[in-house]
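For reference, the structure discussed in these notes is given below.
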Amino acid sequence: MATVTIDTVGKHDGQSVTICGWLTHKRSSGRIRFLVLRDGTGTIQCTLIQGETSEQALDLYPELTHESSLTVTGTVRRDKRAPGGYEILASSIEVLQIAETYPISPKEHGVGFLMDHRHLWLRSSRQQAILRIRHAVVNAARKFFDDQGFTLLDAPIFTPSSCEGTTTLFETDYFGDRKAFLSQSGQLYMEAGAMAFGKVYCYGPTFRAEKSKTRRHLTEFWMIEPEIAFADLETIMKLAEALIVAIVEEVLETRRQELKLLGRDITRLEKIQPPFYVISYDEAVQILKDAGESLPWGEDFGASQETIVSNHFDKPVLIHRYPAQTKAFYMKNDPNRPEVALCVDMLAPEGYGEIIGGGQREDDPVILKEKIEKAELPAESFDWYLDLRRYGSVPHAGFGLGIERAVAWICGFEHVRESIPFPRLLDRLYP
RNA sequence: UCCCCAGUAGCUCAGUUGGCAGAGCAGAUGGCUGUUAACCAUCGGGUCCGCGGUUCGAGUCCGUGCUGGGGAGCCA
């Protein structure tokens, strides 16, 4: 007799096995009783029949509550009436714990209630499908970079300074006499890494103290950020496209069941093939103008404008060369058009908006120093960063992919909050 | 930070003109010889978000605070 997981039960037809899991449903009808067990690999129906099942198991049945933990031993048999095709005719049951009344019922719940019970909500099939897709997204991205000779270089979480704007920094006390900030991006450190390894990437959490209450914002989110030496804007635009193609391909290959469970229109994802659309900021402004939404040149897109542009295309669109004034200090200006930056954002289709942001970095030490001063950033915190331009500066470029936004788009969600196991939002730090 | 909406049983919600607090689900008990979010019957379950006000009388009207949801700006 073997202890087996539910996903492999079919291989043991006719044999006696033991399953460990949690009770998700129970039903009875006269002398027959059913237990539905979940173990993380799937669910299976166990049957208890008077005369065939032990008295011990039948006696336990009334005690069992939703989410009680137990092991069931019995014979696997194929049965058309069983969901999944197989069921277990139970011979004995061992209870690990009888659960208290479980708060999550099969009927509908509000978002606030479910978020308060996120630690239990993870047990539902829908949440498991989402987080398995997230796993596939992360795996695909890492495999993509690993296969192309990138080195994984972990960036620090505590940082002495900002790289995205000082108003959105989470501040922590660092042994009383100094302040440390939670990282908003690993990028600056990846630039140092690129000068050492050529091609690097990091994958980790980033923190932004934005007082944003929108469907796209978390205060803690995960990014994968590649950085390449001897690379320009064109290089990373191609790389970003190839990355998204690889991610979607992997999810379609390995997580099709999960996408179906979520009700995702898979044909929309099957369209995600190269080449993606590539337009300039100027062209995007024209698209907005044609849609009756005028935007003065020089301003960044708001949420509604991003949605209009994103809905305009059935595949991701890369928008390059934004006005330099809208972008961070480290972006390099286009030598042919100094008023625009050599940067790119990728907008996912179906109105999902920005999932990637990146560009070519300023590699001239004098210009970079000026930009740091102009941004009113503390010069001493960036001395090491200027060193990268003092000792063998080279053109280099990189980008960041927001994992939760990518997952939300692939799953077809309105909100990013279900794309991460324990979301951190403005006003939500529990559980 | 600003704008909009909501807060009634464990959950999702209804509650008429201001006049006795309701349903479904969940829970408990019983029934049913193969159930599929089973079904049927019975039962228990309330600080109507808090505070103040108007009124003979407030879940309902007014003020205020808190909490949750949606959106804006900003961003991945």
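Just so it is clear: chains get the letters A, B, ... in the order the sequence lines come, proteins before strands, and each one is counted from 1. Values in this document were obtained by computation on a predicted structure and should not be read as measured data.
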Could you tell me whether A:E299 contacts a base, only the sugar-phosphate backbone, or nothing, with contacts defined as non-hydrogen atoms closer than 4.0 Å?
-> nothing

With C1' as the reference atom in both, quote the distance from B:rG7 to B:rC49 in angstrom, rounded to an integer.
-> 6 Å

So which nucleotide does B:rA28 pair with, by the Watson-Crick or G-U wobble rule with both distances under 3.5 Å?
-> B:rU42

If you look at every strand shown and take non-hydrogen atoms under 4.0 Å, does A:R33 touch a base, only sugar-phosphate, or nothing?
-> nothing

Tell me what A:L401 touches on the nucleic acid: a base, only sugar-phosphate, or nothing, going by heavy atoms under 4.0 Å.
-> nothing

Under 4.0 Å between any heavy atoms, over every strand shown, what does A:H25 touch: base, sugar-phosphate, or nothing? Just pick one.
-> sugar-phosphate

Shortest side-chain distance from A:R81, nucleotide among B:rU1, B:rG34, B:rA76 | B:rG34

Sequence-distant partners of A:E100, side chain to side chain contact (heavy atoms under 4.5 Å, CB included), two or more places apart = none

Using atom types as modelled and distance alone, determine if a side-chain donor or acceptor of A:T53 lies under 3.5 Å from a backbone N or O of A:A90.
-> yes

Check the interface with nucleotides 8-11 of chain B: list each N/O to N/O pair with the protein under 3.5 Å, or write none.
unit_1: B:rC11; atom_1: O2'; unit_2: A:E108; atom_2: O; d: 3.3
unit_1: B:rC11; atom_1: O2'; unit_2: A:H109; atom_2: ND1; d: 2.5

Quick one: does A:R77 reach the base of B:rG34 with a side-chain donor-acceptor pair under 3.5 Å?
-> yes

NA contact type, A:D300, heavy-atom cut-off 4.0 Å: base, sugar-phosphate, or nothing?
-> sugar-phosphate

Evaluate whether the aromatic ring of A:F34 and the six-membered ring of the B:rG34 base sit under 5.5 Å apart, centre to centre, with an inclination under 30°.
-> no

Hey, can you tell me if A:F399 and A:F145 have their rings parallel, tilted or perpendicular (30° and 60° cut-offs)?
-> tilted

Look at the side-chain N and O atoms of A:R417 and state whether any lies under 4.0 Å from the OP1 or OP2 oxygen of B:rG70.
-> yes

Looking across every strand, which nucleic acid part, if any, lies under 4.0 Å from A:H415 by heavy atom: base, sugar-phosphate, or nothing?
-> sugar-phosphate

From the options B:rA76, B:rU35, B:rG73, select the nucleotide whose nearest atom is closest to the side chain of A:R27.
-> B:rU35

So A:F113 and A:H117, would you call those rings parallel, tilted or perpendicular, with 30° and 60° as cut-offs?
-> tilted

How would you label the contact of A:A303 with the nucleic acid (heavy atoms, under 4.0 Å): base, sugar-phosphate, or nothing?
-> sugar-phosphate

A:I32 near the nucleic acid: base, sugar-phosphate alone, or nothing, with a heavy-atom cut-off under 4.0 Å?
-> base

In whole angstrom, give me the gap between the C1' atoms of B:rG10 and B:rG45.
-> 9 Å

Check whether the side chain of A:S28 and the base of B:rC32 form a donor-acceptor pair under 3.5 Å.
-> yes

pair_partner(B:rU1), Watson-Crick or wobble, both distances < 3.5 Å, evaluates to B:rA72

Counting any heavy atom closer than 4.0 Å, what does A:E87 reach on the DNA or RNA strands: base, sugar-phosphate only, or nothing?
-> base

Touch check for A:G353, heavy atoms < 4.0 angstrom, all strands: base, sugar-phosphate only, or nothing?
-> nothing

Name the orientation class of the two ring planes belonging to A:F313 and A:Y277 (parallel below 30°, tilted from 30 to 60°, perpendicular beyond 60°).
-> tilted

Which part of the nucleic acid, if any, lies within reach of A:D345 when heavy atoms closer than 4.0 Å are counted: base, sugar-phosphate only, or nothing?
-> nothing

Of the listed B:rU33, B:rG69, B:rC75, the closest approach to the A:R428 side chain comes from B:rG69

Expressed as a whole number of Å, how far does the P atom of B:rA41 sit from that of B:rA26?
-> 14 Å

Heavy atoms under 4.0 Å, any strand shown: does A:Q45 hit a base, just sugar-phosphate, or nothing?
-> base

Does any N or O donor sit under 3.5 Å from an N or O acceptor when you compare the side chain of A:R405 with the base of B:rC75?
-> yes

Against the side chain of A:T65, the closest entry in B:rA76, B:rA28, B:rG69 is B:rA28

Which value, in whole Å, describes the distance between the C1' atoms of nucleotides B:rC48 and B:rG22?
-> 12 Å

Name the closest nucleotide to the A:R31 side chain, picking from B:rU33, B:rC75, B:rG34.
-> B:rU33

